[in-house]
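Below, chains carry the letters A, B, ... as their sequence lines are ordered, and counting in each starts from 1. These numbers come from the heavy atoms of this one structure, side chains and all, not from hydrogens, waters or symmetry mates.
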There are 2 protein chains.
Amino acid sequence: MYDVFQQYLDNKISLSDAQKERIRSLGVIKKLRKKQYLLQEGDIWKYDAFVVKGCVRNYSVDEKGNEHIIGFSIENWWAGDRESLLSGAPSRFNIDAIEDSAIVLFTHENFELICQEIPPFKDMVNSILQASFIASQNRIQVSLSNTAEEKYLAFLKKYPGFVNRIPQSMIASYLGMTPETLSRIRTQTIRK
Amino acid sequence: MYDVFQQYLDNKISLSDAQKERIRSLGVIKKLRKKQYLLQEGDIWKYDAFVVKGCVRNYSVDEKGNEHIIGFSIENWWAGDRESLLSGAPSRFNIDAIEDSAIVLFTHENFELICQEIPPFKDMVNSILQASFIASQNRIQVSLSNTAEEKYLAFLKKYPGFVNRIPQSMIASYLGMTPETLSRIRTQTIRK
DNA sequence: TGAAGGTCTTGATTTATATCAATTATTTTC
DNA sequence: GAAAATAATTGATATAAATCAAGACCTTCA
């Protein structure tokens, strides 16, 4: 399980065996069954988490009880609530597993330790953050400029692996439309 | 002009006089007249830029010629296109001045130099990036969960200083609605 | 100071998407 | 492997917001 994370690291930075061992010793594997929460609204998030297997979603629930999906994390992506982590405030989000999943969990303290001890690790983290910010800005741009259909097509293009894995209703939520609308778009698009 | 940036730095990190001088020596003040471009679509963005006076907007233009505002930067905020900066690809965005403005400009090379020479500066940059990412995620959450009116009210609350400064049509664009819709929302809201 | 060019408002109409509701598929689970 | 639960489709209708259009209200700069 852990070797998925190890391979990810190997792809990004070079580490000595001692460093690899150090990182490994500070992380813990957490398994999640489908629908199990990793984080519930109101909890304080204190970790850095890397998905090694499966898929989790990050979502908020509004007053009407509707869920709005902020993001998905599949294997080789990070997950968590940076806002709660940074501010120490209770999270406004939920994270749960869409499939049976496995996560490498670091307490934020341990994670900071690693960052201090291994500068290239810290640099990696920062460049991930850069990329995440850019992706987030792009998502905003797409959502401002496009119709429901265009948003769906852009999603397909950007995350081709997600469509056959994530329930359609969740993709609809991620795209800011109802499941009915997405369903109609799909049948129309196929017929074109 | 520059002392706005100096004060910003003083609020965030402690620097020796030599370090302050070093930073200052690597930056350049650029003045922008209203409507003047800081970046045009197709250009490659190679800077780090801090607004010391005025206000700029970052926007994309779609095939129909409609502008979609990604963000505003007023004094004490950073501006630029991180995607183009990082990837080296031509920018898909435009940045121009909404008011007569002034910017402290660092070439990205110089900026990296500063980051290397002054670790607390680098840490500051990273924590800004964190905050930007969080803000961006929150904007996505708001845009998924709320009606046009709620989005406007959330905007008012989050950026009270912007409303009397930025043309309403641009705020509408930022919020993903037409100027007519925003105008109606405002008159309705006032009458409540 | 007074055109000229923007910007905001207001009204009438259209349109994309949401909502409500029923039916059919597809998974889960015992 | 049948029953139950969940997800996706399809149709009818409602609604929020867009579009089109005209007039009012400002700036600004010649």
[X] [atom1] - [N] [atom2] separation (whole Å):
| X | N | atom1 | atom2 | result |
| --- | --- | --- | --- | --- |
| A:Asn164 | C:dT27 | CG | C1' | 16 Å |
| B:Ile98 | C:dG6 | CD1 | C1' | 15 Å |
| B:Glu150 | D:dA17 | CD | P | 9 Å |
| A:Met177 | D:dA17 | CE | C1' | 16 Å |
| A:Leu175 | C:dA16 | CG | P | 18 Å |
| B:Glu99 | C:dT7 | CD | P | 14 Å |
| B:Glu180 | D:dA16 | CD | C1' | 14 Å |
| B:Tyr152 | C:dC8 | OH | P | 11 Å |

Note to self: By the 4.0 Å heavy-atom rule, please label A:Lys35 as base, sugar-phosphate, or nothing.
What the structure shows: nothing

Check: NA contact type, A:Ser169, heavy-atom cut-off 4.0 Å: base, sugar-phosphate, or nothing?
Finding: sugar-phosphate

Next item on the list: Give a yes or no answer on whether the side chain of A:Ser84 reaches the backbone of A:Pro90 with a donor-acceptor pair at less than 3.5 Å.
Entry: no

Notebook entry, point to check: Counting only distance, no hydrogens or angles, is the base of C:dT19 paired donor-acceptor with the side chain of A:Arg184 under 3.5 Å?
Noted result: yes

Notebook entry, point to check: Is the NZ or CZ atom of B:Arg165 both under 6.0 Å from the centre of the six-membered ring of B:Tyr159 and within 45° of that ring's axis?
Noted result: no

Notebook entry, point to check: Does A:Arg186 have a side-chain nitrogen or oxygen under 4.0 Å from the phosphate oxygens OP1 or OP2 of D:dA8?
Noted result: no

Checklist line | Passing option when B:Phe93 is tested against B:His68, B:Glu83, B:Glu41 for side-chain contact (heavy atoms from CB on, under 4.5 Å) | finding: B:Glu83

Counting heavy atoms from C-beta on, name the nucleotide in [options] closest to the side chain of [X].
| X | options | answer |
| --- | --- | --- |
| B:Thr178 | C:dT17, D:dT19, D:dT9 | D:dT19 |
| A:Lys34 | D:dA7, C:dT28, C:dC20 | C:dT28 |
| A:Thr181 | D:dT28, C:dT17, D:dT10 | C:dT17 |

Margin query: So that I know where these two stand, are A:Phe155 and A:Tyr152 an aromatic pair - ring centroids less than 6.0 Å apart?
Written below: no

Margin query: Both A:Pro179 and B:Leu182 contact DNA chain D. Which one's nearest nucleotide lies toward the 5' end?
Written below: A:Pro179

Item checked: A:Cys115 to A:Val125 - nearest heavy-atom pair and separation -> SG-CG2, 4.4 Å

